[in-house]
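If you read the sequence from its start, that first residue is 1, and numbering goes on from there.
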Amino acid sequence: MQQDHASGKYRLGLAMVRLGGHAEKTLDLRTLALPELASLARAMKETATLGILDGDAVRSVAWVRLIRHGS
């Protein structure tokens with residue numbers, strides 16, 4: 001962290017930016033999201049999908065389909 005002496009505001013230093021970049025590359029977002037998506041799908045009784053913005057498109061990275069058994 002670095003503090004701007006004039007404004008008193010803080011910002012990330014280069015080491016933190018590099019660490020964040022490394023974490024992003026090694027993070028398995030799909031694995032982390034699946035339990036939460038399953039919980040959401042059960043609660044809403046609908047399919048739950050996680051998407052990430054890629055330019056002007058959305059890429060689906062994880063989803064849980066609610067399987068409905070006879071009414």
Problem set entry | For E46, all residues meeting side chain to side chain donor-acceptor pair (under 3.5 Å), sequence neighbours excluded | R68

Which pairs would a plain distance check flag for residues 49-64, meaning a side-chain donor or acceptor within less than 3.5 Å of a matching protein atom at least two apart in sequence or in another chain?
unit_1: D54; atom_1: OD2; unit_2: R59; atom_2: NE; d: 2.4
unit_1: D54; atom_1: OD2; unit_2: R59; atom_2: NH2; d: 2.9

For this session: State whether the side chain of Q3 and the backbone N or O of G8 hold a donor-acceptor pair below 3.5 Å, judged by distance alone.
Result: yes

For this session: Look up atom CG in L66 and atom CG in L37, then write down how far apart they are to the nearest 0.5 Å.
Result: 12.5 Å

